[in-house]
Asks: 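Quick one: the structure is below, and I'll ask about it shortly.
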There are 2 protein chains.
Amino acid sequence: MHRHEGHDACETGLGGMLARAEAVCRERGLQFTPLRREVMEAVAEAGKAQGAYDIAEKLSAPGRRVAPVSVYRALDFLMENGLVHRIASRNAFIPCAHGHAPGEGVVFLICRKCGGVDEASSEELEDGLDRTLKRAGFTPAHSILEVEGDCGACRERQQAG
Amino acid sequence: MHRHEGHDACETGLGGMLARAEAVCRERGLQFTPLRREVMEAVAEAGKAQGAYDIAEKLSAPGRRVAPVSVYRALDFLMENGLVHRIASRNAFIPCAHGHAPGEGVVFLICRKCGGVDEASSEELEDGLDRTLKRAGFTPAHSILEVEGDCGACRERQQAG
DNA sequence: GCGGCGGTGATACACTGTAACAAACCCGCC
DNA sequence: GGCGGGTTTGTTACAGTGTATCACCGCCGC
């Protein structure tokens, strides 16, 4: 996973994400079951967005088959609780890097080279979007902001190498 | 289709869109074949985003079956030439309401009630996005901006009725 | 005519996601 | 301990979305 330039206060890394997931569930009286934990781990470990079927395969082993439908259920749970995000343009899932209010304007930065996905949020962007929507007479309920391109790390790597 | 509040210079309506498609193809030396025309019509006629399979069904008739794969090819062609857009969050397609540079920041406003999709673009929004990306060290290649909510027409309709 | 090329038809298939129902589990309660 | 009810998971089947492959057709230039 590449660095996160756009935001701090970001307890990143597998451990931090699992700890946060656990905390959130305890707080809300929800069960952080073994399956949900495993799915969370699988999403958090991977350096890039994972498809549901990828996760199902990763969790399966000789003698244990995890069906995609189970993965979807775990992912739904994790999404409802803001622990993972869905990348619509990829039909794939990433861990939520930092806690942010649900529905808040977060942009996903998807690198074409390394496949990594970073999150960025900005007041400025959100304000611009709000004003544009208001001008159009549109009341937003949910936004999808995804940008595909080249992340800083990959560009450096390319220039250096 | 509801009104377009956010932009003008918008030769909307079936005729205008077909004319533009024809013009674009002639300009670029590309073929605006019957099938492509029919797919363009199907997308332009419908008041809301159409799935590829919907289009295939609409074009099929007793004695003539249009396979989804043919529709996809036509849609790819039309998308490459900026005549239709894909709505990632719906797996569906809409006609491009107004000519805009490829890759330019256009937001799709998707109404939950009527299913209509409007386009809006704004300098302000684009600037905000550009600055956010620059701050994150990210070089954009392609953006997807989709907002789901309630369009003005539907809100009025609801208050009146 | 002949070869190349783009478009279309047709089949098959991969990938993504959901519905429905059964079984296991947990927990409070009698 | 046993019972009832809610939640989670397993399993199967299926719907929806998109692509690969190959064959055929029509057109155009040589």
Side-chain angles (χ1 to χ4, degrees), chain A residues 21-22 24-26 28-43 46 48-81 83-94 115 144 146, chain B residues 21-22 25-26 28-43 48-81 83-94 115 144 146:
Chain A
E22 217 160 342
V24 164
C25 289
R26 200 169 34 241
R28 304 182 188 174
L30 302 171
Q31 307 180 38
F32 195 49
T33 65
L35 179 63
R36 289 171 179 171
R37 175 184 212 88
E38 285 174 287
V39 170
M40 184 75 218
E41 277 177 21
V43 173
K48 52 181 194 157
Q50 296 289 292
Y53 280 66
D54 298 335
I55 299 170
E57 197 176 346
K58 197 193 284 191
L59 297 189
S60 292
R64 184 201 183 198
R65 169 180 138 81
V66 177
V69 61
S70 298
V71 174
Y72 276 111
R73 284 189 289 228
L75 287 170
D76 286 343
F77 172 86
L78 295 170
M79 279 193 291
E80 275 168 21
N81 291 283
L83 297 167
V84 311
H85 295 296
R86 183 183 144 80
I87 305 297
S89 60
R90 297 264 175 132
N91 297 323
F93 303 83
I94 59 165
I144 296 175
E146 299 176 9
Chain B
E22 216 158 344
C25 290
R26 198 167 37 240
R28 304 182 187 174
L30 301 171
Q31 306 179 38
F32 195 51
T33 65
L35 179 63
R36 290 173 179 171
R37 175 183 212 89
E38 285 175 288
V39 170
M40 184 75 218
E41 278 178 19
V43 173
K48 53 180 193 155
Q50 295 289 291
Y53 281 66
D54 297 336
I55 299 170
E57 197 176 346
K58 197 193 283 190
L59 297 188
S60 292
R64 184 200 182 200
R65 169 178 137 82
V66 177
V69 62
S70 298
V71 174
Y72 276 110
R73 283 191 288 231
L75 287 170
D76 286 343
F77 172 86
L78 296 171
M79 277 193 292
E80 275 168 23
N81 291 284
L83 298 167
V84 311
H85 296 297
R86 183 183 146 79
I87 305 297
S89 59
R90 296 265 174 131
N91 297 322
F93 303 84
I94 58 164
I144 297 176
E146 299 176 8

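From a predicted model like this one, the values you see are computed outputs, not experimental measurements. By convention in this document, chain letters (A, B, ...) are assigned in the order of the sequence lines, proteins followed by strands, and residues within each chain are numbered from 1.
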Asks: Mind checking if A:Arg86 touches a base, just sugar-phosphate, or nothing, with heavy atoms under 4.0 Å?
Replies: sugar-phosphate
Asks: Distance check needed: C:dG6 P versus B:Asp76 CG, whole Å only.
Replies: 16 Å
Asks: Between B:Phe77 and B:Val39, is a side chain to side chain contact (heavy atoms under 4.5 Å, CB included) present by the stated rule, with each step listed?
Replies: CA-CA 11 Å; B:Phe77 172 86; B:Val39 170; over 6 Å; no
Asks: OP1 or OP2 of C:dG17 less than 4.0 angstrom from a side-chain nitrogen or oxygen of A:Tyr72, does that happen here?
Replies: yes
Asks: Is A:Glu22 salt-bridged to A:Arg37, going by a charged N under 4.0 Å from an acidic O?
Replies: yes
Asks: Less than 4.0 angstrom between a side-chain N/O of A:Thr33 and OP1 or OP2 of D:dT9, yes or no?
Replies: yes
Asks: At less than 4.0 Å, is any side-chain N or O atom of A:Ser70 found next to OP1 or OP2 of D:dT9? Yes or no.
Replies: no
Asks: Starting from C1' on C:dG17, measure out to OH on A:Tyr53 and report it in whole angstrom.
Replies: 6 Å
Asks: Is there a donor-acceptor pair closer than 3.5 Å between any side-chain N or O of B:Glu146 and the backbone N or O of B:Ile87?
Replies: no
Asks: Round to the nearest Å and state the distance from A:Leu75 atom CG to C:dG17 atom P.
Replies: 9 Å
Asks: Output yes when at least one side-chain N/O atom of A:Arg36 is less than 4.0 Å from OP1 or OP2 of D:dT8, else no.
Replies: yes
Asks: Step by step, work out the side chain to side chain contact (heavy atoms under 4.5 Å, CB included) result for B:Met79 and B:Asp76.
Replies: CA-CA 5 Å; B:Met79 277 193 292; B:Asp76 286 343; 3.7 Å; yes
Asks: Give, for atom CG of A:Asn81 and atom CZ of A:Phe32, the distance between the pair rounded to the nearest 0.5 Å.
Replies: 10.0 Å
Asks: To the nearest angstrom, how far is B:Phe77 atom CZ from C:dC5 atom C1'?
Replies: 15 Å
Asks: Nearest whole Å is fine: how far is C:dA10 C1' from B:Leu59 CG?
Replies: 17 Å
Asks: Between B:Arg73 and D:dA20, is there a side-chain N or O to OP1/OP2 distance below 4.0 Å?
Replies: no
Asks: Whole angstroms only, please: what is the CD1-P distance between B:Ile55 and D:dG18?
Replies: 11 Å
Asks: Among D:dG10, C:dT16, C:dA19, which nucleotide sits nearest the side chain of A:Val69?
Replies: C:dA19
Asks: Quick check on D:dT9: is either OP1 or OP2 less than 4.0 Å from any side-chain nitrogen or oxygen of A:Arg64?
Replies: no
Asks: Tell me: CG of B:Leu78 to P of C:dT8, nearest whole Å?
Replies: 10 Å
Asks: Roughly how many Å is it from CD in A:Gln50 to P in C:dT16, rounded to a whole number?
Replies: 11 Å
Asks: Tell me which of B:Leu30 and A:Asn91 sits closer to the 5' end of DNA chain C, going by the nucleotide each one is nearest to.
Replies: B:Leu30
